[in-house]
Every structure is written in C-alpha cells, then in structure tokens.
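What follows is one structure encoded as structure tokens, with my remarks underneath.
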Amino acid sequence: MSVPRRPPALFAAPILVLALLLTGCSSGGAPAKTPVGAPGPQSDAASVRRASPSPDPTPSPAQIPGLGPETLAQVPDEARQVFVVTGEEADSHQSGAVLYSREGPAESWQPVLGPWPAHNGMEGWTDHHVAGDLRSPTGVYPLTDAGGRLPDPGALLPYDEHPRFAVDGEGFFGEPLEGSFDYVVAINYNRTAGVSPLDRTRPLGLERGGGIWVHVDHGGPTQGCVSVPEEHMEELLRTLDPAMNPVIVMGDAATLRR
C-alpha cells in the first residue's frame, strides 16, 4: 500500500528536492557529481553406586550465528524476523547480510534469505554515529517503513512510492548512484517510526545524522546506509512482515560477537 503523496507544493522547488536527497544515508551534503556514496542486536555427577545415565538437558533454542550475548539481549522478545548485517572489519565497507526468522520467543532462529553481499559506510562502523562521519551505526533497530522510486513490488511494510527517491551522481569509486533508492527500507536510527523514509524528523538532533536506509547496492560504499543488490531488495521487501516485528542487527563482526 502506498503512502498518500504530500501536496505538490511541498516538493516544487528543485533546491529543496536536492537538499532532501542529499540528507539520505546521513549525507555530508556534497554536490551530486562529487563522489559521495549513496546518501540518503553442564556438568556430570559421579555416584558411588552404579546408576542409569541422566537424560541430556533440553537444548536451548538455536541462536543466531555470530551474535554474542550483549547483542542478542538487544533483540526484542517480540521480534520474529532479524536482518543481520555483518561487516568484515570495524573500518571496512564490505558486509554480508542474512535474514533470520522464528515462530516464537522459545523457538530456534532459522535463516530464510541470504547470505547476500552488502556494503556499509565508507569508513566502516561506529557505536556513536554523527552526521558526516561516513560510518554506519552499529546496533539493533526496528524496520517499520519502506518506499522507493519504483512501484511497490509487493512490500508488506507500508510503502511510499515517490519520485523524490531519485538520485544521480557518482559514488566514492566513480560508480553511478542512479537507481540506489529505487527500493529502500528505513532503519529506525534517529527517526520516527510509522512515516515515510523521506521524513526528516531527527529525535536525537541533526548532529547525530539520519536517513539511514537499506537500499539498492550501487557497487560501492555508502555514507552510512546498508545496500544489497536490487533483486535481493525486492525479496526483502516481500518478506519483511510488520506482524513479525522485524529488526536489523548491524555492525562489524567483532562488535556483534560481544
């Protein structure tokens, strides 16, 4: 379902449109032609008497590979879908992504999509993201809203189709950015849930960045977003279900193992 479009008068000025696009993915506000990257969580007892062996204890539900106790504790009990994005190193922009799901809090997590190649911020990851640092924020964040320049591919999340998702220019390595925002899922870092990814409300303040999305990969690092190939973005949009309270768990491998 598409979110109703705002009145045209709000989007008529080209300068405003450009400014909004450049704020996506925690943009530093560089011109469109400047390489900038896409803007936009036993023991055994001995006995002196011979006795029958005790039955094995009931195994705990399978946890998500690569996530340590501190990270897992941040995943809400009600979450039944977790999109895990794992960076190679703290300063690397290369990542991998897997979507896991479970039937309930006592059930085991199972991979349902991926693994996929992914990109993150040009400078890697950070526990304290600020605007313009070119790093993706680590942590666990709900996924509640989607959108894009292209028509809704069958998303289960609320989907805002709008031409303001168009982008051009070049990325950090000269790759074209066109089509990067054809499909996006807003990551609820410093944003208000339940509104279009284009909304610019920043509850933590503008200095903490914002516009952090999962979007279509353009073949290079981002300014803070996570990107996956277009065909996988379509799969993700058709699978993320608001009834399953999906979240994203994102960060470098060492941080996620904590």
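By convention here, the first residue in the shown sequence is residue 1. Computed from a predicted structure; not experimentally measured.
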Assess whether atom [atom1] of [X] is packed by more than 12 heavy atoms of other residues, nucleotides or ligands within 6.0 Å.
X: Gln94; atom1: CD; value: yes
X: Glu230; atom1: CD; value: yes
X: Leu206; atom1: CG; value: no

Requested in this report: Could you tell me whether the side chain of Ser136 and the main chain of Gly121 form a donor-acceptor pair under 3.5 Å?
Outcome: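 Checking the backbone N and O of Gly121 against the side chain of Ser136, a donor-acceptor pair under 3.5 Å is found.
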
Query raised in the report: Where the side chain of Arg208 meets the backbone of His129, is there a donor-acceptor pair that is under 3.5 Å apart?
Result: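 Flag set: sc Arg208 to bb His129 pair under 3.5 Å.
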
Query raised in the report: Where does the angle between the aromatic ring planes of Trp116 and His232 fall among parallel (under 30°), tilted (30 to 60°) and perpendicular (over 60°)?
Result: parallel

Query raised in the report: Can you name the one residue among Thr71, Asp127, Thr126, Asn120 that meets side chain to side chain donor-acceptor pair (under 3.5 Å) with Thr138?
Result: Asp127

**Report entry** Residue among His215, Met122, His93 satisfying side chain to side chain contact (heavy atoms under 4.5 Å, CB included) with Thr222
**Finding:** His215

**Report entry** Check: Asn188/Thr144 side-chain N/O donor and acceptor closer than 3.5 Å
**Finding:**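 Judged by distance alone, the side chains do pair up.
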
Query - Exercise: identify the closest heavy-atom pair between Arg102 and Glu107 - result: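 Heavy atoms of Arg102 and Glu107 come nearest at CD-O, 4.0 Å.
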
Query raised in the report: Taking all atoms of both residues into account, what is the closest heavy-atom pair of Pro246 and Leu157, and its distance?
Result: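 Looking at all heavy atoms of both residues, the closest pair is CG-CD2, 4.5 Å.
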
Query raised in the report: Are Val82 and Leu156 joined in one hydrophobic group, where the rule is that I, L, V, M, F, W and Y side chains link up if heavy atoms are under 4.5 Å apart?
Result: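 No, Val82 and Leu156 fall in different hydrophobic clusters.
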
Query raised in the report: What about Leu72 and Leu256, same hydrophobic cluster or not, with Ile/Leu/Val/Met/Phe/Trp/Tyr joined at side-chain heavy-atom distances under 4.5 Å?
Result: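 Cluster IDs for Leu72 and Leu256 match.
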
Query raised in the report: Looking at side-chain heavy atoms only, is the closest gap between Met233 and Asp182 below 4.5 Å?
Result: no

Query - Heavy-atom side-chain contact between Asn245 and Pro142 under 4.5 Å - result: no

**Report entry** Ring-ring centroid check Phe172 His119, cutoff 6.0 Å
**Finding:**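 Between His119 and Phe172, which both carry aromatic rings, the centre distance is not below 6.0 Å.
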
